Amino acid sequence: MLPIDVAAHGSRWRGRHPLEKALLGLGLTVTAVCLPPWPGGPLVAAATLAVLLGPAGVAGRELWRAFRVPLGFCVTGALPLLISLGGPDGFVALAPDGPRHAAELLLRTSAASLGVLLFAFTTPVSDVLPRLVRAGVPAPVVDVALVMYRIGFLLLDSMAQVRRAQAARLGQTSRAAVWRSLAGLAATTFVRAFDRAARLQEGLAGRGYDGALRVLVPQASLSWRFLTASAALLAALVAGTLVLKELYL
């Protein structure tokens, strides 16, 4: 399993209803996108970090390992705003308001990414997908998602085993050996993917699969106290951003 999935299964909020965590995490994401980037972005990011490291109990090292990937995309998306192509200053020149626009985009996207990570670190996928049927999502779509989620981890485990076997056979000693190992890894993974799919189909057929995967869903009830606290936090962020914006103006 990926570290973020391990953290989600062992989260303090594992027993809470996924809808509660979705409203909080996605609410923080929407707030980060809709509020002015300054001071909205820093306020939302600080509040999300406080929730992640505090009540949610997410380890700081695990959070950084997961956050640095979307942060890289945020930085990559903000960099093009620093330059302008064509114009009186030349084919490539610094944009007049480039640093400001880049900083605003970086603040918004990084804060929004933390809101998504709040939901991901506290809610396993296996707790969300079965409940989507009750929300109106067609059962076959949910079944395919569950199967692909399972196969994804099986393939990652197979790739790790192949890489360890290649390293034990001196498959990483030179650049040429690395390329041969990568080619072998891709071919082996491709073959094993079809093999896993065929075995899964045979297993489902042997267990009387009738078009629907029935799994046990952990029972959880909505906590109105949690929902009220989440709404109060979002309202406080909106009010604080608007007040601080007026003070700075």
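What you are looking at is a predicted structure, and each value in this text was computed from that prediction instead of being measured.
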- Query: Closest heavy-atom contact between Val162 and Thr188?
  - Reply: CG2-CG2, 3.8 Å
- Message: According to side-chain contact (heavy atoms from CB on, under 4.5 Å), who are the partners of Arg164, at least two apart in sequence or on a separate chain?
- Response: Ala160, Gln161
- Message: If hydrophobic clusters are built from ILVMFWY residues whose side chains come within less than 4.5 Å, do Leu28 and Val33 share one?
- Response: no
- Give a yes or no on whether a salt bridge exists between Glu104 and Arg108, defined as a side-chain N under 4.0 angstrom from a carboxylate O. no
- Message: Give me the atom names and distance for the closest heavy-atom approach of Leu53 to Ala59.
- Response: CD2-C, 4.4 Å
- Message: Quick check on the hydrophobic clustering: are Leu26 and Leu43 connected, directly or via other members, by side-chain heavy-atom contacts under 4.5 Å?
- Response: no
- How about Arg100: does its CZ atom have over 12 heavy atoms from other parts shown lying under 6.0 Å from it? yes
- Item | Minimum heavy-atom distance Ala112-Ala32, with the two atoms named | N-CB, 3.7 Å
- Message: Let me confirm one number: the CG-OG1 distance from Leu117 to Thr29, rounded to the nearest 0.5 Å.
- Response: 8.5 Å
- Task: Please answer whether the main-chain N or O of Phe226 pairs with a side-chain N or O of Ser230 as donor and acceptor at a distance below 3.5 Å.
- Result: yes
- Nearest 0.5 Å please: distance from the CG atom of Leu118 over to the NZ atom of Lys21. 9.5 Å
- Note on the structure: Closest non-hydrogen atoms of Gln166 and Ser181, given as atom of the first, atom of the second and distance, are NE2-O, 2.9 Å
- Item | Distance-minimising heavy-atom pair for Ser110 and Leu71 | CB-CD1, 4.3 Å
- Message: For Arg12, give me all partners under salt bridge (charged side-chain N to carboxylate O under 4.0 Å, His left out), at least two apart in sequence or on another chain.
- Response: none
- Task: Take Trp13 and Glu20 through the side chain to side chain contact (heavy atoms under 4.5 Å, CB included) test and state the conclusion after the steps.
- Result: CA-CA 10 Å; Trp13 288 358; Glu20 300 175 0; over 6 Å; no
- Item | Cluster check Trp64, Leu52: I/L/V/M/F/W/Y, side chain < 4.5 angstrom | yes
- Query: Between atom CG of Leu35 and atom OG1 of Thr241, what is the distance when rounded to the nearest 0.5 Å?
  - Reply: 4.5 Å
- Verdict with reasoning, Phe119 to Val128, per side chain to side chain contact (heavy atoms under 4.5 Å, CB included): CA-CA 11 Å; Phe119 180 73; Val128 178; 3.9 Å; yes
- Query: OG of Ser223 to CG of Leu19: how many Å apart, nearest 0.5 Å?
  - Reply: 11.5 Å
- Task: Give a yes or no on whether Leu105 and Leu107 share a hydrophobic cluster (residues Ile, Leu, Val, Met, Phe, Trp, Tyr; joining criterion: side-chain heavy atoms under 4.5 Å apart).
- Result: no
- Item | Verify same cluster id: Leu234, Leu49 (apolar side-chain graph, 4.5 Å) | yes
- Evaluation steps, side chain to side chain contact (heavy atoms under 4.5 Å, CB included), between Phe121 and Ser11: CA-CA 7 Å; Phe121 265 105; Ser11 172; over 6 Å; no
- Item | Neighbour count >12 (heavy atoms, 6.0 Å) for atom CZ, Arg163 | no
- Minimum heavy-atom separation for Pro37 to Pro42, with atom names? O-CD, 3.4 Å
